[in-house]
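The next block holds one structure in the form of structure tokens; read it before the comments.
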Amino acid sequence: MRIATWNVNSVKARLGNVTEWLDSAKPDVVLFQEIKCETAAFPLQAFQDLGYHCAVVGQKAYNGVALLSREEPTDIITRLPGEPEDEQARYVEATVGGIRIASLYLPNGNPVGTEKYPYKLRWMDRLKAHASSLLASEVPFVLGGDYNVIPEARDVYDPAAWVTDALFRPETRAKFREITHLGLVEAFRAVHPTAERAYSFWDYQAGAWPRDMGLRIDHFLLSPQAADRLVGCAIDKGPRGQEKASDHTPVVLELAA
DNA sequence: ATGGTTGGCCTCCAA
């Protein structure tokens with residue numbers, strides 16, 4: 001099974017790029033983040049025409065996630081447990097082919113001096129708690145999406161310049177490690193243990209893309225049973241180089257059978 | 001060189 005994750009930065013502004021990529025990459029499942037539209041405004045038909053079922057959690061203007069799959073997803077949940085007052089559209093999870101698969105958009109957390117940063121850390125605590133309960137259930141699972149976390153110094157073009165940023169602060173990285181240390185496998189790093197300058201995001205500003213000033217912030221975390229089936233994980237830089245590109249590019253996970 | 005871009009929305013916010 002091939003599962004892709006892609007922060008599309010507005011599914012409506014990106015519809016041409018996205019459908020063209022799906023048509024060539026043909027993932028079995030694709031996880032979108034930052035669809036930036038309400039659920040009812042999601043361009044369902046375009047994706048149904050490509051053979052996908054869609055589980056969509058949208059909101060006006062910001063955030064928004066979706067899970068698309070060739071097989072109909074079941075047992076869909078539309079929010080991360082904990083903080084029921086949290087209305088931000090950042091999580092959708094469903095069962096596809098016997099695997100629990102989530103599309104998540106972890107809060108950015110900048111600027112650090114505001115309430116946005118503690119919200120990010122609380123969201124990570126909630127993700128950790130949810131991952132713990134999924135592990136206890138012993139169902140194989142894949143948590144994919146835009147984590148807004150740079151795991152290590154080699155995952156950013158200039159670590160010193162980013163050390164006070166919410167994506168790379170030591171406290172953020174420590175929280176990310178708390179999650180992986182539950183026993184999850186970060187798929188790209190497992191498959192490419194020595195890769196450098198392997199990025200999934202390049203800012204629109206300051207010529208970041210042509211200068212390869214990127215970050216690796218889009219990840220797949222795999223449960224032990226899912227990791228046993230890990231065949232490959234690759235970043236497809238193609239879409240980032242196109243006209244009207246998202247600032248993120250797809251990451252593709254391959255699981256056996 | 002204290003720079004620069006994009007999307008959504010409505011005058012700036014978020015990234």
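Being a predicted model, the structure only gives us computed values, none of them experimental. Because only heavy atoms are used, hydrogens play no part in the values below, and waters and symmetry mates are left out as well, while side chains stay in. By convention in this document, chain letters (A, B, ...) are assigned in the order of the sequence lines, proteins followed by strands, and residues within each chain are numbered from 1.
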field: Nearest-nucleotide comparison on DNA chain B, the residue closer to the 5′ end among A:Arg211 and A:Ala206
entry: A:Arg211
query: Taking the six-membered ring of A:Phe201 as reference, does the NZ or CZ atom of A:Arg216 fall below 6.0 Å from its centre and within a 45° cone about the axis?
result: no
query: Atom CD of A:Gln205 and atom C1' of B:dG4: how far apart are they, to the nearest Å?
result: 5 Å
message: By nearest heavy atom, map A:Asn110 and A:Val11 onto DNA chain B; which one lands nearer the 5' end?
response: A:Val11
task: Looking at every strand, decide which applies to A:Arg14 at a 4.0 Å heavy-atom threshold: base, sugar-phosphate, or nothing.
output: sugar-phosphate
task: Quote, to the nearest angstrom, the C1' distance that separates B:dC9 from B:dA15.
output: 15 Å
field: Integer-rounded Å distance: B:dA15 P and A:Tyr147 OH
entry: 18 Å
C1'-based separation of B:dG7 from B:dT11 [nearest Å]: 15 Å
- prompt: A:Phe201 near the nucleic acid: base, sugar-phosphate alone, or nothing, with a heavy-atom cut-off under 4.0 Å?
  reply: nothing
- request: Could you tell me the separation between the CH2 atom of A:Trp162 and the C1' atom of B:dA15, rounded to a whole number of Å?
  value: 10 Å
task: Going by the side-chain hydrogen bond (donor to acceptor under 3.5 Å, both in side chains) test, name the single residue among A:Thr172, A:Asn110, A:Asn108, A:Asn148 that passes it with A:Asp165.
output: A:Asn110
query: A:Ile3 and side chain to side chain contact (heavy atoms under 4.5 Å, CB included): which partner among A:Val96, A:Ile101, A:Asp28?
result: A:Ile101
message: Closest approach to the side chain of A:Tyr62, judged atom by atom: which nucleotide of B:dC9, B:dA15, B:dG7 is it?
response: B:dG7
- prompt: Given atom CD of A:Gln242 and atom P of B:dT6, what is their separation to the nearest angstrom?
  reply: 15 Å
message: Tell me the interatomic distance from A:Arg90, atom CZ, to B:dA14, atom C1', rounded to whole angstroms.
response: 10 Å
- prompt: Mind checking the P distance from B:dA14 to B:dG4? Whole angstroms is fine.
  reply: 22 Å
message: If I take atom CD in residue A:Glu34 and atom P in nucleotide B:dC13, what distance separates them, rounded to the nearest angstrom?
response: 17 Å
query: Atom CG of A:Asp247 and atom P of B:dG7: how far apart are they, to the nearest Å?
result: 9 Å
field: Geometric cation-pi criterion, A:Arg211 with A:Tyr157: 6.0 Å, 45°
entry: no
- prompt: With distance as the sole criterion, is a donor-acceptor pair present between the side chains of A:Asp86 and A:Tyr91 under 3.5 Å?
  reply: no
- line: note: A:Asn63, atom CG; B:dG7, atom P; distance rounded to Å ~ 17 Å
query: Below 4.0 angstrom from OP1 or OP2 of B:dC9, is there any side-chain N or O of A:Lys36?
result: no
